[in-house]
Structures are given as structure tokens and as C-alpha cells.
Number of protein chains: 2
Amino acid sequence: MKKIMDEFKDLELKLTPQRLAILGLILDKPGRHPSAEEIFSKVKEDYPSISLATIYNTLDVLTKKGRLVEITIDSKKKHYESNLDPHHHIVCTCCGKIGDVWDEELIKKLPVSDVGDFEVQGWHINFSGICKDCREKQGNN
Amino acid sequence: MKKIMDEFKDLELKLTPQRLAILGLILDKPGRHPSAEEIFSKVKEDYPSISLATIYNTLDVLTKKGRLVEITIDSKKKHYESNLDPHHHIVCTCCGKIGDVWDEELIKKLPVSDVGDFEVQGWHINFSGICKDCREKQGNN
DNA sequence: CTCTCAAGTAAGAATGATTCTAACGTAAGT
DNA sequence: ACTTACGTTAGAATCATTCTTACTTGAGAG
């Protein structure tokens, strides 16, 4: 309870109940990659008056401050996560669930011979596959 | 001129002037990664009566038939390309321009130690960086 | 050659995610 | 208590995309 309040101090962001609820929710669900709408409906349970705009504002400011990461793996909407350790993601082609992919090799280095006229700053790998749940459901057909 | 018409025959798709114009445009610009809106305004020049819905329909059917690839690297909109050879992409963090990344190693194999409960089907690497144009503009400040 | 039908197209409405706007609330410092 | 900057809210606005409906067209049947 103390720790998360310090996070805002460290980030030089004003601490508000809304922000506390939003970041707290995301920190509470490691391994999840919620969208703004998902965060909105969860936070709304404990904080019925919160506005979607506040969700977007908060996600935006926390992302710009580097406390959250935006994940671009779903062409329909953005997803967010709080785990800052560099890693990659996999999306289920069946249900859309997103999972983390941890691999030392793919994080430390990535040999590239040709990036044309670009100067590389970083990279992120989007894997696709089928999750366990969907594999099991397929078996039941 | 003959070749592109055969493409539709091979894909078992009815050939229409609109489809011809759309695929023709994309094939004409190798290395580009246009969005639906960009394709719309270009095709509109030669085909003023075309509808955005036709653009989306055509992109959709060509993607499903495997003749086009959808690129998810820009969280704001989808981009398309006609080059089916497996490769990756890089986006300029400054202007948003998308470039191709060709690299044998990153295409053939990709060692992964942990993908949790997922069965991997494929992967795509989103690089980020700064393009030549933007680097030059920065220098002029 | 004309009819019929399936598929494609056009225009605009509908949707969904995200951003913007304007008014109100709040906490810190003078 | 007063000012001020920042946050929040509700709703409007925007943008990409999808959906709906009616019109068009072309290939095959007769």
C-alpha cells in the first residue's frame, strides 16, 4: 500500500485515488495485458464515478513516464502491461488472449543485416499461436 | 498487364476494374505499406466513383486469400503490403514511415525457450528506429 | 438473345476505440 | 480565504473499420 504511492512520487505525478486504482489494478494482475476498456470496467466496480477519459489520461501519462508499456499486437485496440522487464508477446489466433514470451536470446541481441536507411532503436516480437484453452476446446469438437 | 489478371484467376476471385486498380496500385509500389485510406485516395484519382467499402472488401478478400499481408505495427491503423516473402518491419518513431527488414536468420528460425501454454505458429518482428529523412531533419535544427 | 442469380459495388449509417472540449473539483502555496 | 495548476468528468468529436441496403453487372441457363 505504501509502495504504490511512492511510485507516483518517483514519477513526479500527482497521486489521486483514480490513478491509484488504475495502476493498482494493473500491478495486481501480472501477466495480464488489459485494454483501456477492460481497465475501465474493472476500476468502475470500486470507483463507479470514474470516467473513461481518466483511464486514457492515466494510461497515457504512465506510459509516457515509462511506468507502463503499450502493446501493439492487436490491430483492434491497444493493450497495456506493467512489467517493464524486456520481453515479447504471443497472441492466440483463436481467442485473442495475449501471453508473455521470455527468452534471453531474443532480448539481449538480435542480429540484423539490413534495415535499409533506418537506425534501429529497439524491437518487439509478436508471436502468434494457439493457447492451451483453445487447443482443448478444439479437441472437444 | 496480363499477369495481374491471372492473379485473380489463380485466387478464384472475380476480376473487376476496382479490384484490378487496388491490387495494381499495391503491386506498383513495392516497399510501401499503405493503409486503406491511402489506397482509397490513390485509387480514387483514376477511379473517382470507388467506395471506401470496396477498398476494405478487397483488402479483406485479398488478405484472406493470402495475396496480401496485413501489418500490425501502427496502433492507429492497419497497413498492407503485397510482398509475400517472409520479412519483418521497422517503423520510424519520428514520422511513422514503415520499412522492410530482410534477414535470413530472423526468418528461418527463432529459438524460444518459453511461450507458456501457447503452441507457436509464427512470429513477426516490429523494429523501431529513425529513418534517414528524420535524422537529416534533426540535424538541421 | 433474354432471364436469373450470385457476387460486387456504392453510399451512407453504425460501431468501437480513442481523443478532445468545456466545466467543475481539489489540493498546495501565497 | 484566493489563486493557480492540475485532474476529473461527461459528453461531443474523430477516425478507422464494419455493416446495411439497394443498385449494378456479368456468367450461365434456357
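To find a chain, count down the sequence lines: A is the first, B the second, and so on, and within it residues start at 1. Everything numeric here is computed off the predicted structure, so don't read it as measured data.
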Distance-minimising heavy-atom pair for A/Cys92 and A/Cys131: SG-N, 3.4 Å
Inter- and intrachain pairs under salt bridge (charged side-chain N to carboxylate O under 4.0 Å, His left out), touching residues 37-65 of chain B, at least two apart: B/Asp60-B/Lys64
Proximity to DNA chain C (any heavy atom under 4.0 Å), residues of residues 54-69 of chain B only: B/Thr54, B/Asn57
Atom of B/Arg135, atom of A/Asp117 and distance for their closest heavy-atom approach: NH1-O, 3.1 Å
Side-chain (A/His33) to main-chain (A/His79) donor-acceptor, under 3.5 angstrom: no
ILVMFWY network linking A/Val69 to A/Phe8, side-chain heavy atoms under 4.5 angstrom: no
Inter-residue atom distance A/Thr72.OG1 - A/Lys78.NZ, 0.5 Å rounding: 7.5 Å
Straight-line distance of A/Ile50 CD1 to A/Ser41 OG, nearest 0.5 Å: 11.5 Å
Separation of B/Leu62 CG from B/Ile26 CD1 (nearest 0.5 Å): 7.0 Å
Nucleotide interval of DNA chain D bounded by contacts with chain B (heavy-atom cut-off, under 4.0 Å): D/dA16 to D/dC19
Donor-acceptor under 3.5 Å (B/His87 side chain, B/Asp85 main chain): yes
Any side-chain donor near an acceptor of the partner, A/Gln121 and B/Thr93, under 3.5 Å: yes
Annotated protein contacts, base or backbone, on nucleotides 24-30 of chain C with a non-hydrogen cut-off under 4.0 Å, one of B, S, - each: -------
Sub-4.5 Å side-chain heavy-atom contact between B/Val43 and B/Thr54: no
Within residues 31-49 of chain A, residues whose heavy atoms come under 4.0 Å of DNA chain D: A/Tyr47, A/Ser49
Short side-chain donor-acceptor distance under 3.5 Å, B/His88 and B/Asn126: no
Closest-nucleotide 5' rank along DNA chain C - winner of B/Ser51 and A/Leu52: B/Ser51
A/Phe118 versus B/Ile90, closest heavy-atom pair with distance: CB-CD1, 3.5 Å
Those residues of residues 70-79 of chain B lying under 4.0 Å from DNA chain D by at least one heavy atom: B/Lys76, B/Lys77, B/Lys78
Atom of B/Phe40, atom of B/Leu52 and distance for their closest heavy-atom approach: CE1-N, 3.5 Å
Nearest-0.5 Å distance, CD1 of residue B/Ile125 to CZ of residue A/Phe127: 7.5 Å
